[in-house]
Amino acid sequence: MTIPECPKGSLVEALRDGRLGPQERGSMERHLAVCAACGETARALARIGEVVRAPQEPATPLEHQRARLALLRRATELPAAAASVRGVRFALVAAALAVAAGMGWIGARVTAPSERPMVAAHLRLPPRLALARETTLRPSDDARFEHERSAGLDVVTLTSGTLDVTVRPLAAGERFIVRTTDAEIEVRGMAFRVEAEQGRIRGIAVAEGAVEVRYAGFSAVIPSGGSWRATSSAAAPAVPRPIPPPAPSEARPPPSPPRAPFGVRAAPAPAREPREPRDAPSAAVSSPPPAPSAAPSAPPASREFAEAMRALGRGDYMGGAAQLEAFSVAHPGDPRADEADYLQAIALQRAGRAAEARAAARRYLATRSEGAHRAEARKIAGD
Amino acid sequence: MSRASKREVQETSEQTDAALFSAIALGDLGPLGVLFDRHHEYVRQFVLRAAPSAADADDLVQETFLTAARAAASFDGRPSARPFLIGVAVQLVRRRRRTFARLHAILDAFGAAPAPSPRTPEESTSLAEEEELLRAAVARLSDERRLVLVMVEWNGMSGVEVARILDTPVGTVWRRLHEARAELRSAVERGKR
């Protein structure tokens, strides 16, 4: 049987969407109780809503971590990341470790090669050893390394191959460090394996105790049974830097804070300086050599953009606008050029230069046909 | 993880969305992970509904966060970044191209689809079937109609909020919503016949 249409049928949708005033709403609600046609319409609309709201399978924690890892990896490839990738490097590795932990790879002997993540991979652990009375280094056949010792500071520089290291309990003030050109491993435990290739870290597996690895701007402790493997492109080669000798008065030197990748450190410190760790003067990289595997992004562009943003942040809107304009002119192909052009208008508006802000917004609209901020720019332009 | 690193991560995770976006705008991408943890599922659920193919969802979610990171400086400082992220996701859904993955998924679905079989009257009127009909019809809606429908019905956004995100008059929002619902009801009616 067909239900005849009701003249009030169009109001059912308005009621559902909250477009009726209080009086109309009350009237329509009473009408719905007695009108079969409108009741049917209301049920059909509700059914549509239910289908749209029907629960969708949430991402599993593993899927979440994988997506997070992929996001952070891609984010580091953005030009914007070049200003400071310390945080994301750390997060990237943390995410990688989380993915690995989620799949039961860290500390486990079972591997799943088909789904092995790129960053964290299982390393074969060195044989478990009794607590060492003396420090020993057991190199692989192809290992190349140097061991220097002075004033309680042991530094092993590994160029290639694998090194099984056992370290006797360190006395107060003693330090033991394994170094490659791009990483430092501070020993906190007894036995671990470190692998390098062409001077660069490949991976670490810890059998006893723990080690602290400082790599590509992050610092993390790998516990007993844990392992970690470096990405091939996560860090630029580092310049070897002097390691401060141990402080005789300290029972144990504090671990060095996370450091930015060496290739990035040449840029001025980003705005969050108070939270950035400070380097000893001797660690300053004043003239890093060209880094063949450094990120393809252009640090000058990131620096200029960050400086412009800092100017805006401290209220220097005119200065910021000028810097943004310079950025846009100098780097027209940069993904942030769209942002820079739009922010010029915002900066001028905040500086009280309404006419100039309108002109900037119109320029943006004229030149950025696919711009991400056209709607906002139109408002500023007054069009 | 060193104690300092732990503290830093904790501090970051306690920051507001606005503070995280400010840090990202200044070039520190670390807080992007925190934002992702906070809002990934919400954005994903939106995209699963707003994009016609689930095959696109993961890519779109990634692109949403990457685009949001690029546009961090324009975040307006509101307490939650969700409307901002949804706005970005909407633009990406609108601009997306038919990816190979999506095409592949469509072809797979086409190949795997069972041949229609005669239905009993009881089957025809089942709610499950109606739900299937509706789901399929939602996927066939135009992007503009589907986006409005999802933003109103799932996000619970007002017409004004939707209009702001889509940069259209409020009247257009209501018109598209009405058209979307009418199309869905017609599809269900046709499917039942």
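Every chain is numbered from 1 and lettered A, B, ... according to where its sequence line falls, protein lines coming before strand lines.
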Taking side chain as everything from C-beta outward and backbone as N, CA, C, O, which of these in [X] sits under 4.5 Å from a heavy atom of chain B? Side chain, backbone, both or neither.
X: A:T41; answer: both
X: A:E50; answer: neither
X: A:R19; answer: side chain
X: A:A14; answer: neither
X: A:I48; answer: both

Handout entry: Gap between atom NE2 of B:H39 and atom OG1 of B:T64 - 0.5 Å precision
Key =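 Answer rounded to 0.5 Å: 13.0 Å.
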
Exercise for the section: Mind telling me whether B:F65 and B:H40 have parallel, tilted or perpendicular rings, with 30° and 60° as the class edges? Expected result: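 It falls in the tilted class, 30° to 60°.
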
Practice task
Classify the ring geometry between B:F75 and B:F84 as parallel (under 30°), tilted (30 to 60°) or perpendicular (over 60°).
Solution key: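 Plane angle over 60°, so perpendicular.
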
Do the charged groups of [X] and [Y] touch, with an N to O distance under 4.0 Å?
X: B:E131; Y: B:R135; result: yes
X: B:R44; Y: B:E41; result: yes
X: A:R43; Y: A:E40; result: yes

Problem - Best-contacting candidate, B:S158, B:G159, B:A180, B:A73, against chain A by heavy atom pairs under 4.5 angstrom - result: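 Sorted descending by pairs with chain A, the first entry is B:A73.
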
Exercise for the section: For each of B:V61, B:V152, B:L177, B:D58, tally heavy-atom pairs with chain A at distances under 4.5 Å, and name the one with the top tally. Expected result: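 Of B:V61, B:V152, B:L177, B:D58, B:L177 has the most heavy-atom pairs under 4.5 Å with chain A.
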
Exercise for the section: Could you go through the salt bridge (charged side-chain N to carboxylate O under 4.0 Å, His left out) check for B:E189 and B:R185 one step at a time? Expected result: CA-CA 6 Å; B:E189 289 302 316; B:R185 293 182 69 188; over 6 Å; no

Exercise for the section: Select, from A:Q56, A:E63, A:R16, A:E57, the one with the greatest count of heavy-atom pairs under 4.5 Å involving chain B. Expected result: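 Max contact count across the listed options: A:Q56.
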
Practice task
Among the options A:G49, A:A44, A:A59, pick out the one with the most heavy-atom pairs lying under 4.5 Å from chain B.
Solution key: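 The option with the most such pairs is A:A59.
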
Problem - Residue B:Q45 versus chain A: region with a heavy atom under 4.5 Å - result: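 Just its side chain gets close to chain A.
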
